[in-house]
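Atoms within a ligand are numbered from 1 in the order they appear, just like the ligands themselves.
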Amino acid sequence: MTADRVRAALAGAALALAGAAAAEDDYGGLPEGEGREWVYFSCQHCHSLRTVTNQRFSRRVWDEVLDWMVEEQGMVPLDPEIRAEILDYLAEALGAEG
Ligand code: HEC
């Protein structure tokens, strides 16, 4: 009885660890970088993260994309600090010249 319970608890813990590792690894294909989790949580309600990871834009264009998401696509305006982190991340991780 007790051994079964221990085994079940261990199996549960292993599954939880595997789940955490998967989320950690993948982030929907977002490249590593500071602020990644904000993009992960803010940008996939309406479209896949591929819509984001497929793009390479300059900081100026990403800035406009964020405004465009709010003004035309119905995104809830981001907290200014989080918006700044997201913009830094996008310009770094998915950047382009110009
Ligand atoms: C409320 C819904 C919503 C949220 C949240 C949202 N988007 Fe979008 N986004 C859209 C829609 C709708 C389109 C497609 C617009 C079109 O193609 O006409 C789109 C398109 C895009 C595109 C494609 C632009 C192109 O040139 O094809 C990019 C890049 C993008 N979104 C980035 C983001 C990022 C980054 C975030 C998070 C900060 C985000 N979106 C969050 C609705 C949203």
Side-chain angles (χ1 to χ4, degrees):
M1 238 351 195
T2 313
D4 278 351
R5 225 178 286 149
V6 169
R7 225 173 283 133
L10 284 176
L15 273 180
L17 278 177
E24 189 75 11
D25 274 357
D26 122 350
Y27 274 99
L30 290 168
E32 224 176 280
E34 209 175 317
R36 171 168 68 168
E37 65 277 13
W38 292 121
V39 174
Y40 185 75
F41 291 120
S42 313
C43 306
Q44 60 177 326
H45 305 302
C46 310
H47 48 65
S48 133
L49 284 173
R50 245 176 240 280
T51 304
V52 181
T53 58
N54 278 345
Q55 306 292 341
R56 294 295 179 275
F57 294 140
S58 66
R59 166 178 286 268
R60 183 182 57 78
V61 175
W62 276 122
D63 203 1
E64 287 170 4
V65 168
L66 292 180
D67 285 345
W68 181 55
M69 287 303 117
V70 174
E71 284 162 18
E72 306 282 339
Q73 313 304 340
M75 184 169 88
V76 178
L78 295 159
D79 174 273
E81 266 175 47
I82 293 172
R83 188 189 189 286
E85 281 192 44
I86 286 178
L87 184 55
D88 283 348
Y89 170 81
L90 293 170
E92 278 283 312
L94 302 167
E97 295 299 310

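At least one protein heavy atom sits closer than 4.0 Å to atom 42 (C) of ligand 1.
Ion pairing of Asp88 with Arg83 is absent here, as no side-chain N (NZ or NE/NH1/NH2) approaches a carboxylate O to less than 4.0 Å. One finds a salt bridge joining Glu64 and Arg60 here, because a Lys/Arg side-chain nitrogen approaches an Asp/Glu carboxylate oxygen to under 4.0 Å.
Protein heavy atom nearest atom 32 (C) of ligand 1, with residue, atom name and distance: Val65 CG1, 3.8 Å. Considering only non-hydrogen protein atoms, atom 35 (C) of ligand 1 sits nearest to Cys43 SG, 3.6 Å. Nearest to atom 28 (C) of ligand 1 among the protein's heavy atoms is Thr51 CG2, 3.9 Å.
Dense packing is recorded around CZ of Arg56, with more than 12 heavy atoms of other residues, nucleotides or ligands lying under 6.0 Å away. In the displayed structure, Gln73 atom CD is contacted under 6.0 Å by more than 12 heavy atoms of other residues, nucleotides or ligands.
Within the 3.5 Å criterion, the main-chain N or O of Gly95 finds no donor-acceptor partner in the side chain of Arg59. A donor-acceptor pair is defined here as one N or O able to donate and one able to accept, closer than 3.5 Å; such a pair exists between the side chain of Ser42 and the backbone of Trp38. Judged purely by atom type and a 3.5 angstrom limit, Trp62 uses its side chain to pair as donor or acceptor with the backbone of Leu94.
Of the options Trp68, Tyr89, Phe57, the smallest heavy-atom separation from atom 17 (O) of ligand 1 is shown by Trp68. Around atom 31 (N) of ligand 1, the closest heavy atom drawn from Met69, Arg50, Met75 belongs to Met69. Taking each of Arg83, Gln73, Glu72, His47 in turn, the one with a heavy atom nearest to atom 6 (C) of ligand 1 proves to be His47. Comparing Gln44, His45, Gln55 by heavy-atom distance to atom 29 (C) of ligand 1, the nearest is Gln55.
Taking every non-hydrogen atom of Gly74 and a distance limit under 4.0 Å, the qualifying atoms of ligand 1 come out as 1 (C).
Under 4.0 Å from ligand 1, not a single heavy atom of Val76 appears. Contacts with ligand 1 closer than 4.0 Å are made by side-chain heavy atoms of Leu66 only, the backbone lying farther away.
Atom 8 (Fe) of ligand 1 has no N, O or S atom of Cys46 inside 2.8 Å of it.
To the nearest 0.5 Å, atoms SG (Cys43) and CE (Met69) are separated by 8.5 Å.
Contact between Trp62 and ligand 1 is present, with at least one heavy atom of the residue lying under 4.0 Å from the ligand.
Hydrophobic clustering keeps Val39 apart from Val76 (ILVMFWY residues linked when any side-chain heavy atoms are closer than 4.5 Å, directly or through intermediates).
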